[in-house]
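Structure first, then comments.
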Amino acid sequence: MKIDFKQTEPKWQKRWEEAGAFRAEDFSDKPKFYNLVEFPYPSGHGMHVGHIKAYSGLEVVSRKRRMQGYNVLFPIGFDAYGLPTENTAINDNLHPRVVTDRNIEKFTSQLKRVGFSFDWDRVVDTTEEGYYRWTQWIFLKMFEKGLVFRDTALVNYCPSCKVVLSNEDSQGGKCDICKSDIVQKSKTVWYLRITEYADKLLSGLEEVDYLPNVKQQQVNWIGKSTGAFVNFSLKEIDEKLRIYTTRPDTLFGVTFMVIAPEHPIIEANRDRIANIDALDAYREECAKKTEFERTQLVKDKTGICIDGLTAINPVSGKEIPIYISDYVMMGYGTGAIMAVPAHDERDWAFAKKFGIDVVEVIKGGDVEKGAYAGDGEMVNSEFLNGYTNKKDSIARMIEHLEEIGVGEKGVQYKMKDWAFNRQRYWGEPIPIVHCPHCGIVPVPYEELPLRLPEVKNFEPGEGGESPLAKIDAFVNCKCPKCGKDAKRETDTMPQWAGSSWYFLRYIDPKNENAFADEAKLKYWMPVDWYNGGMEHVTRHMIYSRFWHKFLYDLGLVPVSEPYAKRTAQGLILGPDGEKMSKSKGNVVDPNDVVDFYGADVLRTYVLFMGDYGSAAPWNESSMKGCKRFLERIADLTDLVKGEGVTPKLETPFHKTVKKVSLDIEDLKFNTAIASMMTLLNDIADVGSLTKDELMILVRLLCPFAPHLAEEMWETLGGEGLCSLAAWPEWDENKTVESTVEVAVQINGKVRATVAIPFNCSKEDAIAAAKADEKIAAAIEGKSVIKEICVPNKIVNIVVK
RNA sequence: GCGGGUAUGGCGGAAUUGGCAGACGCGCAAGAUUUAGGAUCUUGUGUUCAUUCGUGCAGGUUCGACCCCUGUUACCCGCACCA
């Protein structure tokens, strides 16, 4: 039969919608299954073929699950707050609300055109009042529990976007949005105390089924290290210099100390430091460097010795000079280190440059030629001499430090607290009031949502203040506590706020009394399967796990981990093999593909083009192969003869049902489709098939090419929607032929194949192999040393 | 530097995890159909005339290795002066 996709695709999309075919039911007798895909940021460019691939994976799983009788929740929404929208709005002189609505509309129509089986009744939009009200609510809960704090510190700042960025948003020293170099700036910012959850985020990984590299990346990002804090006395003043080290056992090898240029001890002791002018000059220079420059100059160590402060080694009593250098960061540990040049590369390079002594405390290397970081016997270390096990020597030293009261065991994380405010308009207002009498006062829960005010000019101020700061009607308010005049916080939340809990809102998107109903949460959570991009592993994934764990500790969600399983799709590259980007002009627009080939071809192609988890280049002619495949399937209606089973096709059908069923569970869509193609070739060889058989194939095809499947299902007289028909089952016994071709090897080389009954005995198989004339000739006159038989696979005869 | 991964025809990729390497698709070639192009269909397609040789490279284990072990090279991704 001939299919006109331009007519059939919209027809079935409408029928699904009218039938509410993909609506998830709260509380059902069916088993539940919650499939989640990362909701898109509705940018002005519309959808990308990458989105299609990202959603097609769990789309297929969702459709299969429904056919298997599950109550499936497969929702979609829009993560609509954020800078790009705001920048577009500024450029086009429109309100961000208008831009957002326009973009959401565009995305919605594109998603619907592809025929995704989302539950459109549960769409969430993070910028809607009914949504961000609860984002603010959770923020206030965090405030209430002491997880929100304000601090003045060096933060990542993007001079181009004019915003403070979190660590996660400035990876590699580049602004995540505009890719320009970020700078360090001292600012007062709001933080979420995510480090409080570092251990829980780490240990929680043990109970979830995430892709191994997803887990590993999170472990690395959290970056837990164990060691010790040591307090060094200072010769000149009655103050301690506190350091963190993972190797306290090398304390006898310390020949100098290094503190970060920003370390407060310098400011506090200006008068005492003889070379303060030189230090100031150096510090100023460091402040000017971008993060990028600071890391590029790794090899070339710079620094200055502080003239006027001397540390005392707490175990040896020796006097140690203190340097400032930008290879020590204020943001990690205590901003100060004990330098052991013999056993640390960076310290070694620094010591060589400044002519500082190198004292070996671990045997095994030549410390004059380079730092030795390996294991070995402890030397020059008094009570530690003779220790050969790192663990023991560290434990012994910590014990000693605790005894003499100069240090203790410590833990550090690379992950830092989450800098949470942005100086832009298009985000959730932070519901806080600054009162001259009461200090920082949260907006009462009943006043939520704290609405984003309408403004004309939402460009950020030159001084880096939020556009909201210019709106007096918003800023000026009464203190909720004392009732006197006060001012509102004018910064907004970062883009990652709304996406940190959206999977909970899908469960109860219209609830006005809670972020979601308790019983519904209990029914649906956790998300059974979450698929998304690798780029979100160290941001969205960590952030949302943190929020969810916080809600769990409050008893507001039923499970501690939000996502039971996490997988990731690979990128679609441009036809040139490069990452798709507008500047390279290699972007493929899904709309063009749907116009020309139809949604079914697009869906099938993005899943057939390669391994789902790997990147693969777009190849138009390969897509034509998928078009041909679907056309040939449609033509099968002409080959239908009778009902029941075609003997020659029985095994191929059972095989294919099994293969498709199992491959979908492993995201091996390419081989699932390939097996249907193979079946199609088998059918073509036979020249006919029965109606029952075709209806099996149509149902297997349905998750991939649902419009064609529905059309054929209807033509064949199938009951109801194919999308809701029962998923075909297979009989394991019928997945194999009664006779199998077995390869016969002589000394491991294939010499012949013989057809023998399936599961026949080893003896029979070997006898059959020997009966083959080629094999008989090969063994002729030689002595058989060994005969190996793997049932149904191979016979190997070793001769001499 | 640390962590993770990949390497198979002209291309995208398969291989039940130690058992006939190259499924399936693209591309290509020949033929059919067509006024022609396109589309479609049929056949062929790792290499070699052949015995052969073939899964980045060099070894090893095994009756048998894309798969396991040792060494090595290249590329990709993430983090990175983390003390």
| request: Evaluate the ring planes of A:F350 and A:F256, with Trp represented by its six-membered ring, and classify them as parallel (under 30°), tilted (30 to 60°) or perpendicular (over 60°). | output: parallel
| task | If the plane angle is over 60° it's perpendicular, under 30° parallel, otherwise tilted; pick one for A:H540 and A:H536. | result | perpendicular
Answer yes or no: is there a donor N or O on one side and an acceptor on the other, between the side chain of [X] and the main chain of [Y], under 3.5 Å?
X      : Y      : value
A:N586 : A:S581 : yes
A:W348 : A:V367 : yes
A:S166 : A:D169 : yes
A:R603 : A:F704 : yes

Considering only side-chain heavy atoms of [X], which listed nucleotide, [options], is closest?
X      : options                : result
A:S621 : B:rG27, B:rG25, B:rA23 : B:rG27
A:M677 : B:rC20, B:rG13, B:rC24 : B:rC24
A:Q745 : B:rA23, B:rG19, B:rC81 : B:rG19
A:T245 : B:rG25, B:rA83, B:rG19 : B:rA83
A:S225 : B:rC63, B:rG4, B:rA83  : B:rA83
A:T753 : B:rC20, B:rA83, B:rG78 : B:rC20
A:A616 : B:rC24, B:rG13, B:rC41 : B:rG13
A:F608 : B:rA23, B:rC24, B:rG19 : B:rC24
A:K793 : B:rG64, B:rA14, B:rU16 : B:rU16
A:Q216 : B:rG25, B:rA80, B:rG3  : B:rG3

| remark: Taking for A:S614 and for A:V790 the nucleotide of RNA chain B with the nearest heavy atom, the one nearer the 5' end belongs to A:S614
| field | Closest-nucleotide 5' rank along RNA chain B - winner of A:K659 and A:Y332 | value |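 Per heavy-atom nearest nucleotide, the more 5' residue is A:K659.
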If you look at every strand shown and take non-hydrogen atoms under 4.0 Å, does [X] touch a base, only sugar-phosphate, or nothing?
X      : result
A:E345 : nothing
A:A336 : nothing
A:V750 : sugar-phosphate
A:D344 : nothing
A:D347 : nothing

Rounded interatomic separation in angstrom, taking [atom1] from [X] and [atom2] from [N]:
X      : N      : atom1 : atom2 : answer
A:M676 : B:rA14 : CE    : P     : 16 Å
A:F669 : B:rC24 : CZ    : C1'   : 17 Å
A:N792 : B:rC20 : CG    : C1'   : 14 Å
A:Y612 : B:rC24 : OH    : C1'   : 20 Å
A:D635 : B:rA39 : CG    : C1'   : 13 Å
A:E631 : B:rC41 : CD    : P     : 9 Å
A:M415 : B:rG3  : CE    : P     : 21 Å

Please state whether the phosphate of [N], meaning OP1 or OP2, lies under 4.0 angstrom from any side-chain nitrogen or oxygen of [X].
X      : N      : answer
A:R628 : B:rC26 : yes
A:Y244 : B:rA83 : no
A:N619 : B:rG25 : no
A:N670 : B:rA14 : yes
A:K668 : B:rA15 : yes

| task | Dot-bracket for RNA chain B, please, read 5' to 3', with Watson-Crick or G-U wobble pairs under 3.5 Å on both distances, ( ) within the strand, [ ] crossing, | other strand, . unpaired. | result | (((((((..(((......[....)))((((((.......))))))(......)..(((((..]....))))))))))))....
Same-atom distance ([atom1]) from [N] to [M], integer angstrom:
N      : M      : atom1 : result
B:rA23 : B:rA39 : C1'   : 27 Å
B:rC76 : B:rC41 : P     : 40 Å
B:rG64 : B:rC24 : P     : 30 Å
B:rU43 : B:rU48 : P     : 24 Å
B:rG27 : B:rC11 : C1'   : 7 Å
B:rU70 : B:rU16 : P     : 22 Å
B:rU6  : B:rC57 : C1'   : 16 Å
B:rU61 : B:rU47 : P     : 33 Å

| field | Presence of donor-acceptor pair under 3.5 Å, side chain of A:K301 and base of B:rC81 | value |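 Side chain to base: pair present.
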| For A:V537, side-chain contact (heavy atoms from CB on, under 4.5 Å) partners two or more places apart | A:V214, A:Q217, A:Q218, A:M534
| note | A correct 5'-to-3' footprint of nucleotides 43-56 of chain B, with B, S and - meaning base, sugar-phosphate only and no protein heavy atom under 4.0 Å, is ---------SS---
| message | With side-chain hydrogen bond (donor to acceptor under 3.5 Å, both in side chains) as the criterion, how do A:Y597 and A:E620 come out once you've worked through the C-alpha distance, each side chain's angles and the decisive distance to 0.1 Å? | response | CA-CA 11 Å; A:Y597 294 96; A:E620 176 125 9; 2.7 Å; yes
| request: Output, in order, the C-alpha distance, side-chain angles, deciding distance and verdict of side-chain hydrogen bond (donor to acceptor under 3.5 Å, both in side chains) for A:N619 and A:S621. | output: CA-CA 6 Å; A:N619 180 338; A:S621 57; 2.9 Å; yes
| task | Carefully, step by step, assess A:L662 and A:D666 under the rule side chain to side chain contact (heavy atoms under 4.5 Å, CB included). | result | CA-CA 7 Å; A:L662 296 181; A:D666 291 336; 5.5 Å; no
| query | If you round to the nearest 0.5 Å, how far is CE of A:M677 from SG of A:C626? | reply | 5.0 Å
| request: Mind running side-chain hydrogen bond (donor to acceptor under 3.5 Å, both in side chains) on A:T255 and A:D357 for me, showing each step along the way? | output: CA-CA 6 Å; A:T255 53; A:D357 289 347; over 6 Å; no
| Given A:N681 and A:T678, is the side-chain hydrogen bond (donor to acceptor under 3.5 Å, both in side chains) satisfied, shown in steps? | CA-CA 5 Å; A:N681 292 339; A:T678 306; 5.5 Å; no
| request: Please work out whether B:rU6 sits syn or anti, treating a glycosidic angle within 90° of 0 as syn. | output: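 Because its glycosidic torsion lies more than 90° from 0, B:rU6 adopts the anti conformation.
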| task | Have a look at B:rG56 and give me syn or anti from its glycosidic angle (syn if within 90° of zero). | result | anti
